[in-house]
Each structure stands twice: as structure tokens, then as C-alpha cells.
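What follows is a short report on a single structure.
Everything numeric here is computed off the predicted structure, so don't read it as measured data.
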Amino acid sequence: MYIYADNAATTKMSKSAVETVLNIMKDVYGNPSSLHSMGQKAKEILEKARKDVADCIGAEFKEVYFTSGGTESDNQAIISAAEIGLLNKKKHIISTKIEHHAVLHTLKKLEKKGFEVTLLDVPEDGIIRVEDFVDAIREDTAFATIMFANNEIGTIQPIGEIGRICREKEIIFHTDAVQAAGHVEIDVKKLNIDMLSLSSHKFHGPKGVGALYVRKNLPLTNIIEGGAQERGKRAGTENLPGIAGMAETLKEACSHLEENARKETALRDRLIVGLSEISHSMLNGDWKNRLPGNVNYIFEGIEGESLLLLLDSRGISASSGSACTSGSLEPSHVLLAIGRPHEVAHGSLRLTISSENTMEEMDYIVEQTKEVVEYLRSISPMWEQITKQKETNNE
């Protein structure tokens, strides 16, 4: 049996996305900026995709710009908001300690340019407190960037409340919705979101393509120069096959949102119940207020890397956290932020499932994880020390 349970890292392309990409590559190879008929046909497909993406998030089609993915979208949104802040003589930014590195590293660059960044603490349940956000607001707060749902522990943030507060205080609000788009309902107008980032390959679309929503009348700063594409705000010939494939699969995901969420939630809860039977294990993040397909556990006394390799040998593809930091030996910054001890955070397992997974697969994952954890603990000097310490504490 082979089970793919690493959908937060990337997803398998849907059949409709594959067909759309192939058809356009074969039949519509014109440049959308060209005036001839083939170019204009490409332009029509491009603008239809823009409208489809906009409709899925409650935006207007002219508020959507196509990018190479979530990282570029995050960078452009944050840099643009910072430039607006400078014009208004505001140089304070609010974010959280559990953001994706596309956000955190961009904020670090802004700090070197004189901006002040407040990173909100995150409680053990992985959900920031609205009152902490309110307390962080200053007269010179330029913008806030708070992720919609965390890429490692899946917790969903109070985006609607934060958006309302930002609108009242005239603070620009950006959200990294890379993990949320196509999985939970998003309406940028109702939620008072000013900028939103999404990435195609997180909801069964092609890799290397994403989108940035920017509320109309907000100026956007270019981070790629060279041409007049995307209304002059993102140079480079548009990746038409990728964009059309993304729009097709996002539209498909949004039309089955409730159905997929119900199925994935049932699968997720089956995993959580089964894995909770392993002694000295902890679910990371709130059980209910999380993405339908996300399960993140810590098992004391083992190394996450060994766990992943042994699960892979048994046909289970999983991860220990963000794929973007898989080469790092440091434990997850997200797990450390929610209070997991350094030595415990190393033993994490992230399982992210899709509606294509089955209950039989969940049971197999639980069974194999139990066996692998037991084996790793049996050969671990660290586990021996932990059990001795616990016995001493209980005496």
C-alpha cells in the first residue's frame, strides 16, 4: 500500500488541471500581449482565469494579479504595504511568530530598513488572541500580515475579527492564505482583507503559479521589472497553461468545498484519535479549529527524521513540518513558538491528507506509526532517560 499524506507540501494535480494545461500548451500557444488572433485567444483565456480566481475568493477580477506562487505573492504584498506605510510616515508592522518564512524573512529585510516589527506570541493551541493583536496596534502601525491557516499545525486564525479591526483603524491587512485557499471558505470583502496570497500547487493545481489579491485603489509596488504584463505590476510573459490550470482546479475545489471538508475532517479525526493512543504524544494545535486535512503530532523520545524514513519504507509519505525548511537541522519555529521544548519539537510528524484518501489508509497510518514509534523508542537512549526521569518524578 502506498499513501500520500504530505499535501501541505504539494498536491497531486487534478485531472481537470492536467487536461487544461495540456490543451492550452498544444492549442493556445500565443502570447497574451500579442495583437494577432492567437494572442487574443490567449488573452481571453487569461482574463477568464482571472475572473474565475476572483469569484472563488469574493474579489473583483481586476483585483487579481498572477505570480509565480505564494512566496512571490507574499513578498510583493508586504513590500507594497511597507511602501504605503512610508508614504504615510508609518513604519510599524504586526505579524506572528508562526508565519511562513516567505513572510518572516521579508519582514527581517524591512527591519534592516528601519521598520519595527511586532511578532505576536502564539498560545499552545496555535491560535493568536485578538486582544493581543489589539494591544500591539500603535499610531504608526502601517500594516498587519497574519496567515489565514498555519502550514505546519493547520490552525485557522481569527481573520474576520482581525480584518474588521484593521479596517476600523485604517491598517492595511494582508493574509497568507496559501494553505487555506481551496480548502476553507474565503470572502475577501466580508473578511475585510486588503491583500491575499495563494498558491496553485496547494489545491491540486500546477506548480510555479499563484495569485495575489489586492483591494482596488491600493498601490502595488513592482518587485519584477521588465514589461507591462499584469497591468504593469508584474513583468514577464504570463504562464498561461499554469494560470488556466490553477483557475480550473480552484473553481473545482471551491464548488466541492463543504463536501471535501466533511470527508477530510472525518479522516483527520480518525488519525487524531488513533495517534492519541500512543503514550507521551501530543497533538500540535487546536483539534477543531484547524484545516480539515491537517494532523500534526509530537512523539517524545524520537527523532522526526528517523520516523519519516521508516514510515516511507512502509509506503507512507509524510513530513515533519514545512517542506521549505526540510534541509534544516533546527526544530520547527512554529512548534517552538507554541511552547514545545526544543528536544521534544524534533519528534514531530505532519500528516496532511486530501479527499482522495480513505479510512483504510488512516488505519494503516496509525498502525504503522505505532509500530515505528515503539521501535525507535526501544533503541533510543533519549527515551530511556525520559522514562527514568518520569519514574523518578512519580516516586
Side-chain angles (χ1 to χ4, degrees), residues 59 63 65 67 70-123 126-150 155-178 180 186 188-198 212-224 233-234 333-334 336-338:
E63 296 175 315
Y65 299 83
T67 68
T71 295
E72 183 188 332
S73 295
D74 283 342
N75 274 254
Q76 189 167 19
I78 291 169
I79 290 168
S80 298
E83 290 291 334
I84 297 170
L86 285 176
L87 291 174
N88 295 319
K89 298 182 179 179
K90 295 182 176 182
K91 299 182 73 173
H92 177 241
I93 305 164
I94 302 173
S95 190
T96 80
K97 292 181 178 178
I98 63 170
E99 298 297 310
H100 190 278
H101 283 122
V103 169
L104 293 175
H105 289 177
T106 308
L107 294 179
K108 279 188 177 182
K109 288 187 71 172
L110 289 176
E111 282 185 309
K112 293 178 181 177
K113 295 183 178 182
F115 282 84
E116 288 187 64
V117 178
T118 298
L119 295 180
L120 299 177
D121 289 326
V122 184
I127 302 167
I128 65 168
R129 300 295 182 255
V130 174
E131 54 267 31
D132 292 342
F133 178 79
V134 173
D135 289 344
I137 295 173
R138 305 183 338 197
E139 284 191 10
D140 64 336
T141 299
F143 70 94
T145 175
I146 311 288
M147 67 190 342
F148 204 113
N150 186 263
T155 48
I156 299 172
Q157 304 303 324
I159 296 300
E161 294 176 78
I162 293 169
R164 175 183 56 78
I165 293 164
C166 285
R167 189 60 52 88
E168 289 173 357
K169 301 286 187 180
E170 297 184 346
I171 297 168
I172 294 171
F173 178 38
H174 165 253
T175 184
D176 174 345
V178 166
I186 296 175
V188 293
K189 305 300 183 187
K190 289 181 181 177
L191 296 172
N192 292 306
I193 295 168
D194 295 310
M195 296 178 172
L196 177 144
S197 308
L198 59 83
L212 173 63
Y213 155 77
V214 182
R215 181 168 60 84
K216 62 182 177 182
N217 300 326
L218 272 182
L220 192 60
T221 300
N222 294 21
I223 60 173
I224 298 177
K233 294 304 178 184
R234 202 279 183 180
H333 72 286
V334 174
L336 295 179
I338 64 171

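Between the N150 side chain and the I98 main chain, a donor and an acceptor come within less than 3.5 Å of each other. With hydrogens and angles ignored, the 3.5 Å screen pairs a side-chain donor or acceptor of T175 with a backbone N or O of F148. When atom types are taken as modelled, the side chain of Q157 and the backbone of I128 share a donor-acceptor pair closer than 3.5 angstrom. A side-chain donor-acceptor contact under 3.5 Å links Q76 to the backbone of K233. Side-chain atoms of Y65 do not come within 3.5 Å of backbone N or O of L220 as any donor-acceptor pair. A donor-acceptor pair under 3.5 Å links the side-chain atoms of N88 to the main chain of I84, judged by distance alone.
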Show your working on side-chain contact (heavy atoms from CB on, under 4.5 Å) between N75 and T71 and close with a plain yes or no. CA-CA 6 Å; N75 274 254; T71 295; 3.8 Å; yes
For the pair I93 and E111, evaluate side-chain contact (heavy atoms from CB on, under 4.5 Å) and give the outcome as yes or no after the intermediate values. CA-CA 10 Å; I93 305 164; E111 282 185 309; over 6 Å; no
One pair to check against side-chain contact (heavy atoms from CB on, under 4.5 Å): K189 and E63. What are the steps and the verdict? CA-CA 12 Å; K189 305 300 183 187; E63 296 175 315; 2.8 Å; yes
Which is it for S95 and L107 under the side-chain contact (heavy atoms from CB on, under 4.5 Å) test, yes or no, and what are the steps along the way? CA-CA 9 Å; S95 190; L107 294 179; 3.6 Å; yes
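Here E139 does not pair with K90 in a salt bridge; the nearest charged N to carboxylate O distance is not below 4.0 Å. Looking at R167 and D194, a side-chain N of the basic residue comes within less than 4.0 Å of a carboxylate O on the acidic one, giving a salt bridge. One finds a salt bridge joining K97 and D121 here, because a Lys/Arg side-chain nitrogen approaches an Asp/Glu carboxylate oxygen to under 4.0 Å.
Using modelled atom types, one finds no donor on one side chain facing an acceptor on the other under 3.5 Å when comparing E83 with S80. For the residue pair D74/S197, the side-chain donor-acceptor check at 3.5 Å is satisfied.
Atom CZ of residue F133 and atom OG1 of residue T96 lie 11.0 Å apart, to the nearest 0.5 angstrom. Note: I94 CD1 to I137 CD1 = 5.0 Å, rounded to the nearest 0.5 Å.
The side-chain contact (heavy atoms from CB on, under 4.5 Å) check on T118 picks up H92, L120, A136, with sequence neighbours excluded. With sequence neighbours excluded, the residues satisfying side-chain contact (heavy atoms from CB on, under 4.5 Å) with V130 are V134, P158, E161, I165.
Stacking of K91 on the aromatic ring of F115 is recorded, both the 6.0 Å distance cut-off and the 45° axial limit being met.
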